[in-house]
Structures are given as C-alpha cells and as structure tokens.
Amino acid sequence: MKILVINCGSSSLKYQLMDMDGERVLAKGLVERIGLDGSLLTHRINESKIEIKKDIPNHKVAVQLVIDTLLHPEHGALNNLSEIAAVGHRVVHGGEKFARSVVIDEEVMAALRECSELAPLHNPANIIGIEACQALLPGVPQVAVFDTAFHQTMPKQAYIYGLPYEFYEKYGIRRYGFHGTSHKYVARRAARLLGRPLTELKLVTCHLGNGSSITAVKGGVSVDTSLGFGTISGTIMGTRCGDIDPAVIPFLMEKENLTPGEMNDILYKKSGLLGLSGVSSDARDIEAAAAAGNERAQLALEVLAYLTRKYIGAYAAAMGGLDAIVFTAGIGENSDIIRRLVCDGLEFLGAELDEEKNRVRGKEADVSTSASKVRILVIPTNEELMIAQETAELLS
Ligand code: ADP
C-alpha cells in the first residue's frame, strides 16, 4: 500500500511517498517559495536529487507539480495515480475536537476551519493543502493527523490554566501541546527498544529542535507537555522565549510602546537561543560560539538544558516515577553537548549518562550507563512515518 504524506506550510509543501509494505520511502521532496519569486521543487529518489525551478503561484499548482514529478517516467516513483491508496496530511491544530487522526469529510473540514482561530499561521495552510489534494486526487481518501491529538489525554489539572474559567469556556484557552506525532512515535520506539509494553512505561520525551517540547508519557498516553496554548512555553527554542512570567508582557509593552503584534514578534522570533546569545537561532552556531569563549552563547546552552532538566524532574513527579528519558529532533538527536548538560545532575533520579555512548549522532541508541536505573535513549523522530502509519491504520 502506497501512502502520500503531505505537510503544507504557508509557502512550502513537504511530501513523502511511502510504501507501507516494509515502510520504505519511495520518494520525497520539498516545494519552496509557493506564491513568491524563485519557487522551486526539490525531489529526491534513490539517492538522486532533482531540482525543478518554475513559477508555482499557489498550493494547487504545487500539488500538481508533485503529482507530475511522482509520475515522471525517469525520476518518478509511480506508474499510475491509482497506486496512491491515501494521503496523510499533517494538521497542526485539532483543538478539543480531535483526539485522534480522522478520515477527512465535509464535517471534518468545517471543524478544521473552526480550529484555525487557534493556529492562524498553520491551519489555513494545512487546509489549502487538503483542498488541493482533494481537487487533484478525487476519490483518494484524505486523512488528517494532528500535532495536538496525542495530548488530548492530558488530565484537566494539567491542561487548564489558572485564569478565570470563563476564558476556557468562551475561547478554548488551555494547554493543547504540539509535536504530538513526534512524541507518540518516539514513545512507541522507546518501548520497542526497551523490550517492554508501552502501557507499563513512564517516559519523558524531549523533542528538542528549532521548536521544542517535553512530554510526560505515562502508559503510552500524554499526561502533560511543555507547549501550551501557543508554541512558546516550556524550554527556550531557536527564537522563542520559553517559560517567562506573564507579568513581563504588559510591562514591556508599556515601556517600549509595543503593539500586540510587535510583542508577539519578540516572544516568538527574537528570543530563545537567538535572543540570549545574540549569535544565532541555530544550536550548532551557538555551540561553536560557546566553544570559542562566547559567554552569552554558553548561557543560552545552559538555559536550554536547565529548563529541559527542570521539566524532566517535574514530569517524573507528575507520573510518580520514570523509566526512560528520550531525546529526539535536531538538537536531541545530534547534540551530545546538550544531552550532557541536560543530564548533569539527574543522577539522583537514577539517570546516568555514559560519556562514550553519548557520542552518537542521529541514530537510535541507549546512552545511559549499564548501572543507570533510568534509561537515556536517543531516538530520531520520524513524523512522516507516523503519519503514514496512522493513515494506513485508519484505512484498514
Ligand atoms: P525543526 O523544528 O525546524 O524541525 P529540527 O528538528 O531540524 O528543527 O532541529 C533544528 C535544530 O537542530 C537546530 O538548532 C540545529 O542547530 C540543531 N542541530 C542539528 N544538527 C545538530 C548537531 N549536529 N549538533 C547540534 N545541533 C544540531
């Protein structure tokens, strides 16, 4: 069975064609600068890379180009469109309506539009991608896989904020959490690596990338997570501030005479690793600057690690125990430096990092000492595979 996975952003579209027999990637690619000058499709198949530069004014044209490329006699991966059994779409926000993936129908589309208010930058782009696929692949089932769905199992005490309750009722203001597909994928893999049923495990999964979140996964379900209503709470990220006292916001707005939009820009785009270091939002640049003696870069690394460690401790308490810590996403998978800084001081919990084993990059590994009671795992995430699996599961 072949599944096409689509992740549509406001000016980009990532795709992956997967053969679910053997879970192999047949082809994948990225359309960039949709609706802008210099639009471009980069397509990868069997180690080779093809670039197509042409005018791509909208997402429908982008999807058509992806289809044409997948059907291409030389660098395609399909003989016939009917080989696509279904399309799995990444959708950022499912609000409280979607606690699992769904086959998309008119009712689902209406609900997705309602959720757009909660994710105004993401859901409208996801919807455009779905509509383009519906138009160009009529009769092929389309499935929505939500970033928020995995966290819908959180108990109310974990997702409600201490604000007047009416704001939850009126506007749905609460913790939703994101990166759910990634947390779910690595939690499942962790159970496989540990050789224990997921239902018995207490895990803290640390998705540390450009955007980051930390999740408490108890018995296979999310019971708390560090991102909330928006995507800025928790540990610091590339350009997002992480946990701050909300009192800072009106104070700064008044002092600097900022509009809500300008304030948002500071919180989402000028803070985090970038704001603290003044160097870059990219962890590799920060690590290099810190190694060269830049104190603010070193501080940025330490704040990222400290906040992550605090969440691990908090979530161990929330779950009443801890079996494993999982590191994933760009930083979690690759940075031995951050993993070292995060784990420093967690020995009291029974988590001991093995310096030698920790030198690993981008592959599954247990990086804890053999005596460590709590296992420390590196597990590369694979959101596309998780989306394809959920899509295939729904079809059967
Ligand atoms: P996104 O959230 O955009 O998917 P990624 O998960 O790809 O982001 O993570 C990007 C982050 O991972 C960047 O900060 C990048 O510097 C970091 N990263 C990637 N490779 C390494 C590495 N070898 N060492 C340290 N950080 C890395």
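Counting starts at 1 for both ligands and their atoms, following the listed order.
K202 NZ: more than 12 foreign heavy atoms inside a 6.0 Å radius. Counting non-hydrogen atoms of neighbouring residues, nucleotides and ligands closer than 6.0 angstrom, the CZ atom of R175 exceeds 12 such neighbours.
The closest protein non-hydrogen atom to atom 16 (O) of ligand 1 is D282 OD1, 2.4 Å. In this structure, atom 20 (N) of ligand 1 lies nearest to the protein heavy atom N334 ND2, 3.4 Å. If you check which protein heavy atom lies closest to atom 18 (N) of ligand 1, you get G330 O, 3.6 Å. Atom 3 (O) of ligand 1 has as its closest protein heavy atom N210 CB, 3.3 Å.
Within the 4.0 Å heavy-atom shell around ligand 1 one finds G211.
Salt bridge present: R340 and D344 bring a charged side-chain N and a carboxylate O closer than 4.0 Å.
Residues passing the salt bridge (Lys or Arg N to Asp or Glu O under 4.0 Å) test with E114 are K97, sequence neighbours excluded. With sequence neighbours excluded, the residues forming a salt bridge (Lys or Arg N to Asp or Glu O under 4.0 Å) with D323 are R196, listed by chain and number.
Among the atoms of A283, some N or O lies under 3.5 angstrom from an N or O of ligand 1. Below 3.5 Å of separation, one finds no N or O of H207 facing any N or O of ligand 1. In terms of polar-atom proximity, defined here as any N/O pair under 3.5 Å, A329 makes no such contact with ligand 1. Considering backbone and side-chain N/O of I331, one or more are found under 3.5 Å from N/O of ligand 1.
Screening N126, D147, T181 against R90 for a side-chain hydrogen bond (donor to acceptor under 3.5 Å, both in side chains) leaves a single residue, D147.
Note on ring orientation: taking the six-membered ring where Trp is involved, the planes of Y176 and H93 are perpendicular (angle over 60°, cut-offs 30° and 60°).
Of all atoms in ligand 1, listed by their number and element, those nearer than 4.0 Å to a heavy atom of R361 are 22 (C), 23 (N), 24 (N). Below 4.0 Å from some heavy atom of S335 lie the following atoms of ligand 1, by number and element: 25 (C).
If you look at E333 next to ligand 1, there are no close heavy atoms at all, none under 4.0 Å.
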Show the numbers, then the answer: is there a ring pair (Phe, Tyr, Trp, His ring centres under 6.0 Å) between H43 and H72? CA-CA 11 Å; H43 177 77; H72 195 277; 8.9 Å; no
